[in-house]
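Take a look at the structure below.
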2 protein chains.
Amino acid sequence: MTTPRSLRGSYAKSEGRRQEIVSAAVEVFSATGFHKGSLREVADRVGLSQAGLLHHFPSKERLLEAVLTWRDDDSAERLGAPLPEGVDLLRGYVQLVENNTRTPELMELHTLLSAEGTSADHPLHDYFVNRNTMVLGLTLKALEHAEAHGQLQPDVDCHSAARSIIALWDGLQVQWLLLHGDFDIASDLRRYIQTLLTVQL
Amino acid sequence: MTTPRSLRGSYAKSEGRRQEIVSAAVEVFSATGFHKGSLREVADRVGLSQAGLLHHFPSKERLLEAVLTWRDDDSAERLGAPLPEGVDLLRGYVQLVENNTRTPELMELHTLLSAEGTSADHPLHDYFVNRNTMVLGLTLKALEHAEAHGQLQPDVDCHSAARSIIALWDGLQVQWLLLHGDFDIASDLRRYIQTLLTVQL
DNA sequence: GTCTATATACTGATAGAC
DNA sequence: GTCTATCAGTATATAGAC
């Protein structure tokens with residue numbers, strides 16, 4: 001796991017501590033979700049009192065925000081900058097999902113928090129709505145790019161296909177977690193995306 | 001919403017009360033999940049004290065169990081008995097998903113609890129593992145039935161397709177909740193299943 | 001930067017009156 | 001069958017010493 005850009009840089013002294021805390025928070029929130037996961041348990045894992053932890057993050061919500069931002073930065077870095085276009089982005093998705101397999105705690109975190117975040121009164125509802133809209137838009141653009149280059153099967157509805165790619169991705173992760181990694185997520189996702197294309201994925 | 005079989009029958013007196021409680025519990029657990037949702041709030045909604053509620057369900061976990069059983073019975077009743085075979089079951093899925101659109105609280109409950117349930121130490125982990133295995137098996141059987149009747153496209157992998165149908169279903173619901181019902185889940189699901197078949201869905 | 005101590009609130013569950 | 005009262009546990013967050 002690499003260190004995302006936003007966590008490197010100038011405030012190196014206490015940023016190291018912050019990174020430790022974020023890592024511990026990932027573990028705790030992955031296992032129990034945001035609501036149930038407690039600051040005390042996060043603090044224990046980094047050998048800090050609960051009050052000591054709150055010196056670095058003023059509230060539970062801000063800590064969770066840091067966790068999510070960290071994960072997004074990490075994913076973006078994995079996809080590469082600038083972001084690949086068209087079919088290349090879809091290839092990146094498959095690689096990303098395969099990579100996520102190696103950090104099940106993070107996958108669990110994403111799955112659980114996405115579900116919690118559907119509630120309108122969840123502290124991070126807006127974050128998840130925006131994130132979903134963004135990812136959906138990105139995927140749609142990739143499909144339209146492929147279509148413009150004759151790489152898309154004739155009767156594919158780009159909007160529906162974009163939704164389905166993301167939905168399949170998320171849903172396969174739920175099942176993978178439930179079945180304790182009993183199948184290959186990436187290969188199922190690749191198989192579906194391949195049916196949309198005229199070129200090899 | 002009809003009343004599932006398991007909630008009708010002999011103990012009609014207090015079963016009415018139990019049903020009220022289960023309905024309220026659906027609302028509460030849908031909004032906040034099992035962990036965060038409180039018995040007190042459920043009790044308030046049915047005009048009962050928290051202790052009064054615990055007379056009907058001895059623990060929070062038993063209440064949730066009742067909620068889930070109720071929902072499964074309701075879905076099974078909707079699909080019809082005996083359960084349809086092959087392509088007919090898949091048609092039932094599409095109708096079911098369309099119907100779920102009319103009770104977003106239940107959809108939210110399922111989405112949230114499925115995610116919570118992936119955690120090995122969740123009180124209902126086993127329930128969700130078993131349920132997933134069952135649904136997966138059912139879907140696989142339907143696909144193999146279709147295959148045996150020449151209704152399946154030639155290079156479809158039944159196991160992968162079964163996983164994908166369920167995953168797409170679940171994932172589309174997450175997005176639908178997040179986007180506040182901005183698209184037609186059933187039509188996206190139907191579109192995917194149709195690509196697997198040689199007959200009209 | 002980290003601690004102890006504490007304020008305040010809410011949790012699930014139990015005991016026992018009516 | 002429903003209540004009040006209460007227990008023991010846990011939560012986030014704050015105040016202030018060091």
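All figures in this text were calculated on a predicted structure; none of them were measured in a lab. Throughout, a chain's letter reflects where its sequence line sits, starting with A, and its residues are numbered from 1.
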Separation of [X] atom [atom1] from [N] atom [atom2], in whole Å?
| X | N | atom1 | atom2 | answer |
| --- | --- | --- | --- | --- |
| A:Lys36 | C:dG12 | NZ | C1' | 11 Å |
| A:Leu63 | D:dA13 | CG | P | 10 Å |
| A:Glu41 | D:dA11 | CD | P | 8 Å |
| B:Asp44 | C:dT11 | CG | C1' | 14 Å |
| B:Glu61 | C:dA13 | CD | C1' | 14 Å |
| A:Phe57 | D:dT12 | CZ | P | 15 Å |
| B:Arg18 | D:dT2 | CZ | P | 13 Å |
| A:His56 | D:dT12 | NE2 | P | 17 Å |

Closer than 4.0 Å, any side-chain N/O of [X] to the OP1 or OP2 of [N]?
| X | N | value |
| --- | --- | --- |
| B:His35 | C:dT11 | no |
| B:Arg40 | C:dA13 | no |
| A:His55 | C:dC3 | no |

*With no hydrogens and no angle check, is any side-chain donor or acceptor of B:Arg190 less than 3.5 Å from a backbone partner on B:Leu201?*
no

*Taking the side chain as every heavy atom from C-beta outward, state whether B:Gln153 and B:Thr198 have any pair of such atoms under 4.5 Å apart.*
yes

*Validation row: A:Val87, A:Ile193 side chains within 4.5 angstrom (heavy atoms)*: no

*Counting heavy atoms from C-beta on, name the nucleotide in D:dA13, C:dT14, C:dT2 closest to the side chain of B:Ala51.*
C:dT14

*Choosing from D:dC3, C:dA13, D:dA13, which nucleotide comes nearest the side chain of A:Gln50?*
D:dA13

Need one value for [X]: base, sugar-phosphate or nothing, where a base atom within 4.0 Å counts as base even if backbone is also close, heavy atoms only.
| X | value |
| --- | --- |
| A:Leu53 | nothing |
| A:Leu39 | sugar-phosphate |
| A:Ser49 | base |

*Identify whether the distance between the nearest side-chain nitrogen and carboxylate oxygen of A:Glu144 and A:Lys141 falls below 4.0 Å.*
no

*Relative to the 5' end of DNA chain D, which residue comes earlier, A:Leu54 or A:Ser38, by the nucleotide with the nearest heavy atom?*
A:Ser38

*Does the gap between the ring centers of B:Phe128 and B:His122 come in under 6.0 Å?*
no

